[in-house]
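Everything on this sheet refers to the single structure shown next.
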Amino acid sequence: MKLLEEKIRQEGQALSETVLKVDSFVNHQVDPVLMQQIGHTFAQHYRGKGITKVFTIESSGIAPALTTALELGVPMVILKKQTTKVLNGDVYQTNITSFTKGTSYELTLSAKYIQPDDKILIIDDFLANGEAASGASRLVEEAGASIYGIGILIEKSFQKGRKRLEDAGYDVCSLVRISRLGRDLIEFEEADI
Ligand code: G4P
């Protein structure tokens with residue numbers, strides 16, 4: 001998606017060889033018009049595929065997931081990051097360890113918001129090692145539902161997330177793919193749409 005690539009060229013900052021800062025339009029301040037266009041682009045790609053819900057992981061995935069769900073005319077469900085296991089209650093949980101942030105949490109989904117006949121589209125902001133998307137997929141499959149695809153805003157293609165998800169049989173669609181980061185360097189490669 002050229003528009004997102006342009007925005008990253010203008011406002012993105014490579015903090016290191018692995019971390020790209022996009023606080024001014026994705027992670028802290030959010031650009032609503034860009035999010036609307038992202039939702040439109042994903043919806044064009046996924047329309048007519050029988051998707052029943054868009055899932056995302058709190059918090060930065062919420063804006064693009066919402067605009068995508070709005071365009072597809074389906075609900076959006078936020079997978080919560082909880083610090084502890086819920087021992088009572090009807091929930092699905094799986095442990096996620098973030099390599100980028102060095103944190104760990106229980107990704108949590110209420111059983112109320114998923115049915116076995118659901119066909120889920122997962123939308124998230126970054127794809128790094130694929131931890132979060134793999135965890136989200138585990139929860140969906142544990143509930144007996146299926147994943148149609150995984151839509152990503154910014155894939156860091158020098159990390160192993162895509163391979164991990166594709167090896168597990170999931171279709172990954174990234175709006176932007178970054179092949180290299182470094183001081184004052186953000187290198188792009190061809191994205192999926
Ligand atoms: P993975 O899910 O692909 O394995 O990613 P990883 O665990 O390594 O990263 C976890 C968190 O770090 C996620 O945010 C992810 O969006 C974020 N992240 C990964 N790489 C980058 C990057 O280059 N730049 C930025 N800005 N963030 C990155 P999170 O903990 O879920 O936080 P939130 O912002 O969604 O609340």
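Heavy-atom basis, side chains included; hydrogens, waters and symmetry copies ignored. In what follows, residues are counted from 1 in the order of the sequence shown. Every number for a ligand or one of its atoms is a count from 1 in the order of the listing.
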- Item | Residue pair Gly151 / Leu121: nearest heavy atoms and the distance that separates them | N-CD1, 4.2 Å

- Item | atom 29 (P) of ligand 1: nearest protein contact (heavy atom, Å) | Lys81 NZ, 3.2 Å

- Message: Hydrogens and angles aside, do Glu155 and Ser174 bring a side-chain donor and acceptor to less than 3.5 Å of each other?
- Response: yes

- Do the numbers put Lys7 on top of the ring of Phe25, so that NZ or CZ is under 6.0 Å from the six-membered ring centre and no more than 45° off the axis? yes

- For ligand 1, find out whether one of its N or O atoms is nearer than 3.5 Å to an N or O atom of Lys21. no

- Contacting atoms of ligand 1, where contact means under 4.0 angstrom from a heavy atom of Gly130: 1 (P), 3 (O), 4 (O)

- Note on the structure: Within the 4.0 Å heavy-atom cut-off, what Gln159 brings close to ligand 1 is neither

- Item | Residue and atom name of the nearest protein heavy atom (relative to atom 36 (O) of ligand 1), distance in Å to one decimal | Ser59 OG, 2.8 Å

- Does Phe99 have Lys160 sitting over its ring (NZ/CZ under 6.0 Å from centre, angle to axis within 45°)? yes

- Note on the structure: Nearest non-hydrogen contact to atom 3 (O) of ligand 1 from the set Gly135, Gly161, Ala128 belongs to Ala128

- Query: Do Glu5 and Lys2 sit within salt-bridge range, that is, some charged N less than 4.0 Å from a carboxylate O?
  - Reply: yes

- Item | Per-atom contacts, ligand 1 versus Ser60 - under 4.0 Å to a heavy atom | 33 (P), 34 (O), 35 (O), 36 (O)

- Heavy-atom closest pair, residues Val176 and Met1: CG2-O, 3.9 Å

- Note on the structure: Asn129 heavy atoms within 4.0 Å reach ligand 1 at atoms 1 (P), 3 (O), 4 (O), 5 (O), 8 (O)

- May I ask you to check whether Thr94 and Arg138 show a side-chain donor-acceptor distance below 3.5 Å? yes

- Message: Starting from atom 20 (N) of ligand 1, what is the nearest protein heavy atom, named by residue and atom, and what distance separates them?
- Response: Lys156 NZ, 2.7 Å

- Item | For Phe99, the ligand 1 atoms whose distance to one of its heavy atoms is below 4.0 Å | 7 (O), 8 (O)

- Nearest protein heavy atom with distance in Å, relative to atom 16 (O) of ligand 1: Asp125 OD1, 3.3 Å

- Message: How far is atom 17 (C) of ligand 1 from the closest protein heavy atom, and which atom is that?
- Response: Lys101 CE, 4.2 Å

- Message: Regarding Ser24 and Glu11, do their side chains bring together a donor and an acceptor under 3.5 Å, going by distance alone?
- Response: yes

- Message: Side chains of Gln159 and Lys156 only: does a donor on one sit below 3.5 Å from an acceptor on the other?
- Response: yes

- Message: Less than 3.5 Å apart, any donor N or O on the side chain of Gln93 or Thr108 sitting next to an acceptor on the other?
- Response: yes

- What residue and heavy atom of the protein are closest to atom 6 (P) of ligand 1, and at what distance? Thr100 OG1, 3.4 Å

- Heavy-atom nearest option to atom 26 (N) of ligand 1, drawn from Leu20, Val26, Val22: Leu20

- for atom 2 (O) of ligand 1, nearest protein heavy atom and its distance come out as Ala132 N, 2.9 Å

- Item | cation_pi(Lys81, Tyr105) dist<6.0 Å, angle<=45 | yes

- Message: Return the closest protein heavy atom for atom 15 (C) of ligand 1 as residue, atom name and distance.
- Response: Phe126 CB, 4.1 Å

- Per atom 7 (O) of ligand 1, closest listed option by heavy atom (Ser98, Ala14, Ala136): Ser98

- Donor on one side chain, acceptor on other, Glu189 and Ser157, under 3.5 Å: yes

- Quick one: does ligand 1 sit under 4.0 Å from the side chain of Thr18, the backbone, both or neither, non-hydrogen atoms only? backbone

- Task: Please check if a non-hydrogen protein atom sits closer than 4.0 Å to atom 22 (C) of ligand 1.
- Result: yes

